[in-house]
Novice: 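Before I ask anything, let me first share the structure, which is written out below as structure tokens.
Remember, it's 1-based here, ligands and their atoms both numbered in the order they're listed. What you are looking at is a predicted structure, and each value in this text was computed from that prediction instead of being measured.
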Amino acid sequence: MYQPLFEPQEDGLEIPEVGSWAETKYRLVGLYDKLFSTGMKDRWETRVYIDLYAGAGYSRIRGKNRLLAGSPFLALSVPDPFDKYIFCESSSPLLEALKKRVRKHFPKADAKFVLGDCNDKVEEIVVHPSKTRQVVSV
Ligand SMILES: C[S@@+](CC[C@H](N)C(=O)[O-])C[C@H]1O[C@@H](n2cnc3c(N)ncnc32)[C@H](O)[C@@H]1O
């Protein structure tokens, strides 16, 4: 099974709740991230990961005291990392939490954070990965 590179811990920042189905979603998303990033590393000059609904980076399974690493961290944890990461999120507290967590766990990652409705932020998002190919996760 594909795993993030760290176990999320309580850190005083926002942690949205999710249903237990999220474990299956994250397993599949993480597997796809890994297949894509490794599969395309010698084919495309630059690989950019864009998460339009990025969340806070951590989730808590409803009714359980268990934390999961969300889609941004699955993409950051792949064995052949993407060249650039763009995270869009409409909630300011969630994006701030994500930013702090990414800087803590992956301080060297080339990560951009876009606050707002992704439908309104298309131009700001596409300006970052010009001349590149992308994978989008939700
Ligand atoms: C189900 S969460 C997914 C989080 C993350 N992708 C994951 O799987 O761990 C969806 C997130 O998208 C955000 N969101 C919803 N509509 C949005 C929009 N139009 N533009 C940007 N973010 C949005 C919500 O605030 C929420 O944090």
Novice: State the atoms of ligand 1, each with its element, that fall below the 4.0 Å cut-off from a heavy-atom position in Lys25.
Specialist: 7 (C), 8 (O)
Novice: I'd like to check which ligand 1 atoms, numbered from 1 as shown, lie under 4.0 Å from a non-hydrogen atom of Leu94.
Specialist: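 Under 4.0 Å from Leu94, ligand 1 has these atoms: 27 (O).
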Novice: Does an N or O anywhere in Glu89 fall below 3.5 Å from an N or O of ligand 1?
Specialist: yes
Novice: Using a strict 4.0 Å cut-off to heavy atoms of Gly55, name the atoms of ligand 1 that fall inside it.
Specialist: 4 (C), 27 (O)
Novice: Give the single entry among Phe87, Tyr53, Tyr58 that approaches atom 18 (C) of ligand 1 most closely by any heavy atom.
Specialist: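 Nearest option to atom 18 (C) of ligand 1, by heavy atoms: Tyr53.
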Novice: Measure across Thr46 and Asp83 and return the closest heavy-atom pair with its distance rounded to 0.1 Å.
Specialist: CA-OD2, 3.3 Å
Novice: With a heavy-atom distance limit of 4.0 Å, tell me whether Asp117 approaches ligand 1 through its side chain, its backbone, both, or neither.
Specialist: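 For Asp117, the contact with ligand 1 is made by both the backbone and the side chain.
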Novice: Given Asp110 and Lys112, is the salt bridge (charged side-chain N to carboxylate O under 4.0 Å, His left out) satisfied, shown in steps?
Specialist: CA-CA 7 Å; Asp110 182 351; Lys112 305 278 182 248; 3.6 Å; yes
Novice: With no hydrogens and no angle check, is any side-chain donor or acceptor of Arg60 less than 3.5 Å from a backbone partner on Asn65?
Specialist: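 Side chain of Arg60 to backbone of Asn65, a donor-acceptor pair under 3.5 Å: no, none is there.
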Novice: Which atoms from ligand 1 have a heavy atom of Tyr26 less than 4.0 Å away?
Specialist: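 Checking each atom against Tyr26, I get 7 (C), 8 (O), 9 (O).
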Novice: State yes or no: are the ring centers of Trp21 and Tyr26 separated by less than 6.0 Å?
Specialist: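 Between Tyr26 and Trp21, which both carry aromatic rings, the centre distance is not below 6.0 Å.
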Novice: Just jot down the ligand 1 atoms closer than 4.0 angstrom to any heavy atom of Leu52, in number order.
Specialist: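 With Leu52 as reference, the close atoms of ligand 1 come out as 21 (C), 22 (N).
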Novice: Measure the acute angle between the ring planes of Phe87 and Phe113, then classify it against the limits of 30° and 60° as parallel, tilted or perpendicular.
Specialist: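 Ring orientation of Phe87 relative to Phe113: tilted.
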Novice: Regarding Tyr53 and Ser71, do their side chains bring together a donor and an acceptor under 3.5 Å, going by distance alone?
Specialist: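 Checked: Tyr53/Ser71 side chains show no N/O donor-acceptor pair below 3.5 Å.
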Novice: Does ligand 1 have any atom sitting under 4.0 Å from a heavy atom of Gly116?
Specialist: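 Distance cut 4.0 Å: Gly116 passes for ligand 1.
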Novice: With a 6.0 Å cut-off on ring centres, are Phe6 and Phe73 close enough?
Specialist: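 Centroid separation for Phe6 and Phe73: below 6.0 Å.
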Novice: Report the part of Asp51 in contact with ligand 1, treating N, CA, C, O as backbone and CB onward as side chain, heavy atoms under 4.0 Å; options are side chain, backbone, both, neither.
Specialist: side chain
Novice: Any chance the side chains of Asp80 and Ser37 put a donor and an acceptor closer than 3.5 Å?
Specialist: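 Absent: no donor and acceptor within the cut-off.
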Novice: For ligand 1, which is the ligand I care about here, please tell me if Ser91 has any N or O atom under 3.5 Å from one of the ligand's N or O atoms.
Specialist: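 In this structure, Ser91 places no N or O atom under 3.5 Å from an N or O of ligand 1.
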Novice: Any idea which heavy atoms bring Ala54 and Leu98 closest together, and the distance?
Specialist: CB-CD2, 3.8 Å
Novice: Taking non-hydrogen atoms only, is Ala54 closer than 4.0 angstrom to ligand 1 via side chain, backbone, both or neither?
Specialist: backbone
Novice: Please identify which atoms of ligand 1 are closer than 4.0 Å to at least one heavy atom of Gly70.
Specialist: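 The list of qualifying atoms is 9 (O).
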Novice: Consider every N or O of Cys118 and every N or O of ligand 1, then say whether any pair is closer than 3.5 Å.
Specialist: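 Yes, at least one N or O pair falls under 3.5 Å.
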